[in-house]
Amino acid sequence: MKRIRTIIIGVICIGLVVGYYYYLNHKSPSEDGSDVTEVQKIVLKDLEGQSYPATPREVIKLYNRILCCYYNEEYTEEEFRKLADQAIKLMDEELADNNPPEQYYQQVEAEVEAYRSAKRTINNASVCDTNDVEFQTIDGAECACVTASYFVRDDEGYSKTAQEYILRKDQEGKWKILAFQEGVVKEDE
């Protein structure tokens, strides 16, 4: 009797181990979120609802994540267009009107191709501290100036580039990118 019980318990244990192994190798990537890429995380973000960034800094942090995906990640054509659409949702109506989607896609594709041809990557993107965000009222609209820094690596070494973003609060109270200006800060060998 004990021998049969031991055999049955052994078979059950082996079945559990085999079942768990099968489960781990055949679960869908989205079940625990560990296999979701950065591109997919951004594409899935609901920027028309509650997930829209609350502050000017948070808008630029999300925009930086999109930029890093453009230049550093692998993605499909569909994912690229969805990434670009997310970037457009962060733009002020005035800036978006000056960058129609098809034109924006082509412009970004050309920039990404140039980056990749030069073997450049963005190693780090950071946003200024909260205390460094400058708020102003311009023509009756609330505006904010946020500075972001990018450490870029290529065959010649590293360089640090700064970009200054001007954001304007829209009628819904969302901060949107109105304009930006780029400039090289410092180069290191």
Side-chain angles (χ1 to χ4, degrees), residues 36-118 120-122 124-130 132-152 160-185:
V36 178
T37 67
E38 178 68 1
V39 171
Q40 292 167 335
K41 287 177 188 176
I42 293 170
V43 165
L44 294 172
K45 202 164 199 41
D46 177 20
L47 294 181
E48 294 177 7
Q50 297 289 341
S51 294
Y52 194 87
T55 67
R57 281 185 78 243
E58 293 300 318
V59 171
I60 300 307
K61 282 182 178 182
L62 179 57
Y63 188 71
N64 282 349
R65 286 175 59 196
I66 293 170
L67 291 179
C68 287
C69 285
Y70 284 155
Y71 298 116
N72 299 346
E73 302 292 330
E74 295 297 322
Y75 43 78
T76 65
E77 179 66 25
E78 180 183 358
E79 287 174 325
F80 166 74
R81 287 184 172 262
K82 288 180 179 180
L83 267 175
D85 289 340
Q86 293 292 66
I88 291 170
K89 289 177 187 174
L90 297 176
M91 293 178 188
D92 184 87
E93 189 176 304
E94 191 175 320
L95 181 59
D97 287 346
N98 289 325
N99 290 285
E102 283 305 317
Q103 177 184 326
Y104 182 71
Y105 300 150
Q106 291 172 359
Q107 177 186 353
V108 172
E109 281 179 327
E111 288 176 14
V112 168
E113 183 58 37
Y115 244 70
R116 290 185 177 175
S117 293
R120 286 190 192 115
T121 57
I122 298 175
N124 187 5
S126 61
V127 178
C128 66
D129 291 333
T130 303
D132 295 328
V133 176
E134 297 175 22
F135 293 93
Q136 295 180 15
T137 301
I138 301 172
D139 294 331
E142 289 182 65
C143 295
C145 180
V146 178
T147 303
S149 299
Y150 305 94
F151 284 98
V152 178
K160 180 179 179 183
T161 303
Q163 189 135 322
E164 191 170 271
Y165 294 91
I166 307 298
L167 295 93
R168 178 167 59 188
K169 194 180 266 192
D170 70 6
Q171 293 173 349
E172 297 174 9
K174 294 179 179 177
W175 289 99
K176 302 282 188 153
I177 300 169
L178 176 63
F180 51 90
Q181 179 179 348
E182 183 177 351
V184 174
V185 175

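Bear in mind that the values here come from a model prediction, so they are computed numbers and not experimental data.
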Side chains of Glu109 and Glu77: closer than 4.5 Å at any heavy-atom pair?
yes
Evaluate the side-chain proximity of Tyr150 to Asn64: yes if any heavy-atom separation is below 4.5 Å, no if none is.
yes
Can you tell me if Gln103 has over 12 outside heavy atoms packed within less than 6.0 Å of its CD?
yes
To the nearest 0.5 angstrom, please state how far the CZ atom of Arg116 sits from the OG1 atom of Thr121.
11.0 Å
Answer yes or no: is there a side-chain heavy-atom contact under 4.5 Å between Pro56 and Phe135?
yes
Thr130: partners by side-chain contact (heavy atoms from CB on, under 4.5 Å), with sequence neighbours left out:
Arg57
Would you call Tyr75 and Lys82 a side-chain contact if the rule is heavy atoms closer than 4.5 Å?
no
Compare all side-chain heavy atoms of Ile60 with those of Phe180 and state whether any distance is below 4.5 angstrom.
no
Just how far is it from atom CD of Glu73 to atom CZ of Arg65, taken to the nearest 0.5 Å?
10.5 Å
Taking all heavy atoms of Leu95 and all of Leu178, pick out the closest pair and write down the distance.
CB-O, 3.6 Å
Taking everything shown except Glu93 itself, do over 12 heavy atoms lie less than 6.0 Å from its CD?
no
How far does CG of Leu83 sit from NZ of Lys45, to the nearest 0.5 angstrom?
13.0 Å
Using distance only, find each side-chain donor-acceptor pair of residues 136-143 under 3.5 Å and give its atom names and separation, not counting sequence neighbours.
none

So CD of Glu38 and CD1 of Ile66: to nearest 0.5 Å the spacing works out to 9.5 Å
Would you please name every residue forming a ring-ring contact (aromatic ring centres under 6.0 Å, His included) with Tyr71, sequence neighbours left out?
Tyr115
Could I get the full list of side-chain contact (heavy atoms from CB on, under 4.5 Å) partners for Thr76, not counting sequence neighbours?
Glu78, Glu79
When you measure from the side chain of Gln40 to the backbone N and O of Thr37, does any donor-acceptor pair fall under 3.5 Å?
yes
Using the side-chain contact (heavy atoms from CB on, under 4.5 Å) criterion, which residues pair with Asp170? Sequence neighbours excluded.
Glu172, Lys174, Lys176
Are any of the side-chain nitrogens in Lys61 or Glu58 under 4.0 Å away from the carboxylate oxygens of its partner?
yes
Considering all heavy atoms of both residues, which atom of Ile88 and which atom of Pro101 are nearest to each other, and what is their separation?
CD1-CA, 4.0 Å
Can you tell me if Gln86 uses its side chain to pair, donor with acceptor, with the backbone of Ile42 under 3.5 Å?
yes
Do you know which of Asp46, Leu90, Leu62 makes side chain to side chain contact (heavy atoms under 4.5 Å, CB included) with Tyr52?
Leu90
I'd like to check Cys68 versus Asn124 (side-chain heavy atoms, cut-off strictly below 4.5 Å). Are they in contact?
no
Please list, chain by chain and in numerical order, all residues satisfying side-chain contact (heavy atoms from CB on, under 4.5 Å) with Ala84, sequence neighbours excluded.
Tyr70, Tyr104, Tyr105
